[in-house]
Amino acid sequence: MELKFTKMHGLGNDYIYINCFDTVIESPETLAITLSDRHFGIGGDGIVLIMPSSIADAKMRMFNLDGSEGKMCGNAIRCVAKYLYDNTIVAKEELTIETLSGVKTLSLYIENGLVEKVKVDMGKAELIPEKIPVLLEGESIIASPITVGTENYEITCVSMGNPHCVVFCHDVDNVKLSAIGPLFEHNALFPDRINTEFIEVVERNRLKMRVWERGSGETLACGTGACASAVAAVLNGHCEKNSDIDVELLGGVLTIHYTDDTVFMTGSCTKVFEGTINI
Ligand SMILES: N[C@H](CCC[C@H](N)C(=O)O)C(=O)O
């Protein structure tokens, strides 16, 4: 079977996008593993299915490179909006996309008829206190102590529809992520596994972040992770609520705006190439 695909990325967090308005993918889990392989496949952090929806302009399902399904993906949803608008499937500058974490609303920034940047209403952030005793002191959360491997860390766990463990550190460039990332991902505290973000506070309202993603390993960017990190930074007193927080990732910068009602994420979305592959 010849399969058409579009390769896109959000700040280097790259996925293989498949238009499923007229195509049914029988086993997306297996396909994600096959197509994501950077030597024997197309190469990517996973795949994204763009599907019709009865409650939104379209539906997104995303699968990590290990075949596990993510309930939300911030970088991918911006690219899905780009795909829908640029291919005149949805001719609107504000559209909705159904995900496993609810329907999200997106505002498109268009240049020369193509979507260059998208602002996403990511919905409310939720603390994951049932896993980690969250210590409250006045208005701020004191990150909770945890030992992983042989090291002690202070973590704040936040859900953006998918789970994140935010770890504050002083020198994020030198975190041995390939060694410590899997110890967090597969930690007994997180039976569904977890996405782990290591955050360095550069200045008030500017963070530097690296991420070990559940199901994909280290990626160049993580949209939901950047949101979770900004929320954790506000709760721990490092950043201001109701103002722009720039999160510097390996692949570029995402701007997060955390309010009492929701979290907004703004960032670019890029099409690399289209192709067909026999599966
Ligand atoms: N690995 C994540 C899904 C992808 C999230 C990330 N790529 C983003 O941009 O939000 C999970 O299993 O929850």
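A quick note: this is a predicted structure, and the numbers were derived from the prediction, not measured. All residue numbers in this chain count up from 1 along the given sequence. When a ligand or atom number is given, it counts from 1 through the structure's own listing order.
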* Side chains of Asn205 and Ser243: donor-acceptor distance under 3.5 Å anywhere? -> yes
* If you look only at pairs with a residue in residues 110-124, which of them pass as a side-chain hydrogen bond (donor to acceptor under 3.5 Å, both in side chains), with sequence neighbours excluded? -> Asp121-Thr262
* To do: Run the contact test for Met72 against ligand 1 with a 4.0 Å cut-off on heavy atoms, strictly below, and give the result.
  => yes
* Heavy-atom nearest neighbour of atom 13 (O) of ligand 1 within options Arg214, Met265, His164 -> Arg214
* Heavy atom of the protein closest to atom 10 (O) of ligand 1 (residue, atom name, distance) -> Thr224 OG1, 2.6 Å
* Flag for Thr259-Asp261: side-chain donor and acceptor within less than 3.5 Å -> no
* Any N or O of Asn64 that comes nearer than 3.5 Å to an N or O of ligand 1? -> yes
* Can a donor-acceptor pair be found between the side chains of Glu197 and Ser229 at a distance below 3.5 Å? -> no
* To do: For the pair Arg214 and Asp66, find out whether any cationic side-chain nitrogen is under 4.0 Å from an anionic carboxylate oxygen.
  => no
* To do: Would you kindly specify which portion of Trp212 sits under 4.0 Å from ligand 1, judged on non-hydrogen atoms: side chain, backbone, both or neither?
  => neither
* Relative to the heavy atoms of Gly74, which atoms of ligand 1 are at a distance of less than 4.0 Å? -> 8 (C), 9 (O), 10 (O)
* Would Cys73 count as a contact of ligand 1 if the rule is a heavy atom under 4.0 Å away? -> yes
* Asked: N/O to N/O below 3.5 Å, does that happen between Tyr15 and ligand 1?
  -> yes
* To do: Could you find the nearest protein heavy atom to atom 9 (O) of ligand 1 and give me its residue, atom name and distance?
  => Gly223 N, 2.8 Å
* Check if Cys222 has a non-hydrogen atom at a distance under 4.0 Å from any atom of ligand 1. => yes
* For side chain to side chain donor-acceptor pair (under 3.5 Å), just list the numbers for Asn19 and Tyr83, CA-CA rounded to whole Å, side-chain angles, deciding distance to a tenth of an Å, and then say yes or no. => CA-CA 9 Å; Asn19 181 332; Tyr83 182 90; 3.2 Å; yes
* When you measure from atom 5 (C) of ligand 1 to every protein heavy atom, which one gives the shortest distance, and what is it? -> Glu213 OE1, 3.5 Å
* Heavy atoms, side chains only, cut-off 4.5 Å: are Phe190 and Cys165 in contact? -> yes
* Asked: Which atoms of ligand 1 sit under 4.0 Å from any heavy atom of Asn13?
  -> 6 (C), 7 (N), 9 (O)
* What protein heavy atom sits nearest atom 2 (C) of ligand 1, and how far off is it? -> Asn195 OD1, 3.3 Å
* Is it the case that one hydrophobic cluster holds both Leu11 and Leu250, taking links as side-chain heavy atoms less than 4.5 Å apart, direct or via other members? -> no
* Asked: Is it the side chain, the backbone, both or neither of Asn75 that has a heavy atom closer than 4.0 Å to ligand 1?
  -> both
* Asked: Parallel under 30°, tilted from 30 to 60°, perpendicular over 60°: which one fits the rings of Phe168 and His238?
  -> tilted
* Asked: Does ligand 1 have any atom sitting under 4.0 Å from a heavy atom of Met62?
  -> yes
* Step-by-step side-chain contact (heavy atoms from CB on, under 4.5 Å) determination, Leu3 to Leu31 -> CA-CA 11 Å; Leu3 183 68; Leu31 191 66; 4.0 Å; yes
